[in-house]
Amino acid sequence: MFAFNSSADPSTSPTASPSPSPISVPDSEDIGQWLDGVEQRVPSLLAVVVIAFVIWLVFRYAIKLFTRSIERGAPMSDPKTVAALKKAKIRLPQQDEVDARLEAERRRQRAHTLQRVLNSALTLVIVIIVLITILGVLGLPVGPMLASAGILGVALGFGAQSLVKDLLAGIFMLIEDQYGVGDVVDLGAAAGAVEEVGLRSTRLRALDGTVWYVPNGEITRVGNMTRLWSRVMVEVRFAYDTDIEAAREAMIDAVKAAAEESDEVKSALLGEPEVAGIESLEYNAIMLRLMCQVNPAMQWDVQREIRREMRRIFGERNIRLAVPGDAMVIDEKPAKRAPRIRDRRRPHEQPVDDDGSPLPPASDDLDGDGEAD
């Protein structure tokens, strides 16, 4: 039998590296130690809850003020707004009662969406902070749990980084009001009328009826064609011998005629038409450009009416457009004889043996004297 001396000097025993203690599940004794003296910690726990509730109320009030300002919008009677619009030479369309209500409803929906998102995020953050604080007051080991939560958060961040990117981009798009339902936008990947703006993606309806779902995180640029006002732009190419002043007056008269013929065009116009001058000189034409401000999303309808009136006025005033055929030489005389076709013969393929190796070309010199036999 071997006897071990418990009083032996530990210094004489070989040193061994301490092994990490395994993570153990707390038993009833550990839970009893944590809850021991909880009555004395009640005031601290109540103070944590009260402070968290006050912070929650303050931030909710701040979120409410922020979203209320978005819902109210910028009043057009504000002197700063009026001065900015005058400086930019922008005349806003006169909205009727229906359009004003639709615009107010759009701002209200956007503000309520932002309010719900911000309130949910605030509640989640406050609850997490309160739970961690309460666990610390009770004496529970919060460090390992935070480390585990940090590792889990990093893993979820790598796995769902595209989702987080889409959500953040959607929130900022709503805050900045880059576009809304009913706007015609160009998002780079797709273009069309906006049917739905979500936190993760935007739904567009293209001109041919195709429905596009564009993730908000993939949108790098936004072109809104129907924001506040739109612009009619019609480019016409005339012949070189055309009177420029007569062509310019004819284009402006076409706008006036379209406004007289259609009340819709007349109500859509926001300014006087402009034809600045010659925009470009081409090999067979000179180009003039007509521009005019109109109501949002009305530029396409107005352009069609203006082009129709231009066609009529140009014909009445004998104003010739540039024809690409004028720069072409057409020979209508029949050919005296049929052209000779001289196609090259296809060269003979080089013969190969059974293994695919090339063989020397066939020769008529059978006796090897260098002359054909």
For a quick test of your reading: what N or O donor-acceptor pairs under 3.5 Å do the side chains of residues 121-132 make, sequence neighbours left out?
unit_1: Thr123; atom_1: OG1; unit_2: Trp56; atom_2: NE1; d: 3.3
unit_1: Thr123; atom_1: OG1; unit_2: Asn119; atom_2: O; d: 2.9

Using side-chain contact (heavy atoms from CB on, under 4.5 Å) as the criterion, point out the one residue from Asn295, Val255, Val232 that pairs with Val302. Val232
Take Asn216 and Lys165 through the test side-chain contact (heavy atoms from CB on, under 4.5 Å) and record every step on the way to the result. CA-CA 8 Å; Asn216 294 330; Lys165 181 181 178 182; over 6 Å; no
Does any non-hydrogen side-chain atom of Leu290 lie less than 4.5 Å from one of Met233? no
By side chain to side chain donor-acceptor pair (under 3.5 Å), which residues pair with Arg231, not counting sequence neighbours? none
For residues 118-138, which residue pairs qualify under ring-ring contact (aromatic ring centres under 6.0 Å, His included), counting only residues two or more places apart or in two chains? none
Residues passing the side chain to side chain donor-acceptor pair (under 3.5 Å) test with Thr220, sequence neighbours excluded, are none
Applying side-chain contact (heavy atoms from CB on, under 4.5 Å) to Asn318 and not counting sequence neighbours gives none
Does anything in residues 189-199 form a salt bridge (charged side-chain N to carboxylate O under 4.0 Å, His left out)? List the pairs, not counting sequence neighbours. Glu195-Arg203, Glu195-Arg205, Glu196-Arg203
Within a strict 4.5 Å, meaning less than it, do heavy atoms of the Leu288 and Arg237 side chains meet? no
Heavy-atom check, side chain of Gln178 versus side chain of Asn224, under 4.5 Å: no
Using a 4.5 Å side-chain heavy-atom cut-off and chaining through intermediate ILVMFWY residues, the residues clustered with Phe172 come out as none
Result for side-chain contact (heavy atoms from CB on, under 4.5 Å) between Val222 and one of Asp183, Thr202, Leu187 points to Leu187
Hey, quick one: are Phe314 and Met287 part of the same hydrophobic cluster, counting side-chain heavy atoms closer than 4.5 Å, chains of contacts allowed? no
side-chain contact (heavy atoms from CB on, under 4.5 Å) with Leu281: which residues, sequence neighbours excluded? Tyr240, Ile278, Ile286
Which pairs count as side chain to side chain donor-acceptor pair (under 3.5 Å) when at least one residue sits in residues 301-310, sequence neighbours excluded? Asp301-Arg304, Glu305-Arg308, Glu309-Arg312
By the rule that ILVMFWY residues connect when side-chain heavy atoms come within less than 4.5 angstrom, directly or transitively, which residues belong alongside Met225? Val184, Trp300
Can Val265 and Glu260 be said to form a side-chain contact (heavy atoms from CB on, under 4.5 Å), step by step? CA-CA 8 Å; Val265 174; Glu260 293 176 358; over 6 Å; no
Residues Asp243, Arg248: salt bridge by 4.0 Å N-O rule: no
Considering residues at least two apart in sequence or located in another chain, which fulfil the ring pair (Phe, Tyr, Trp, His ring centres under 6.0 Å) criterion with Phe59? none
Can you tell me which residue pairs pass the side chain to side chain donor-acceptor pair (under 3.5 Å) test with a partner in residues 264-278, sequence neighbours excluded? none
Should we say atom CG of Leu207 is surrounded by more than 12 heavy atoms from elsewhere, each under 6.0 Å from it? no
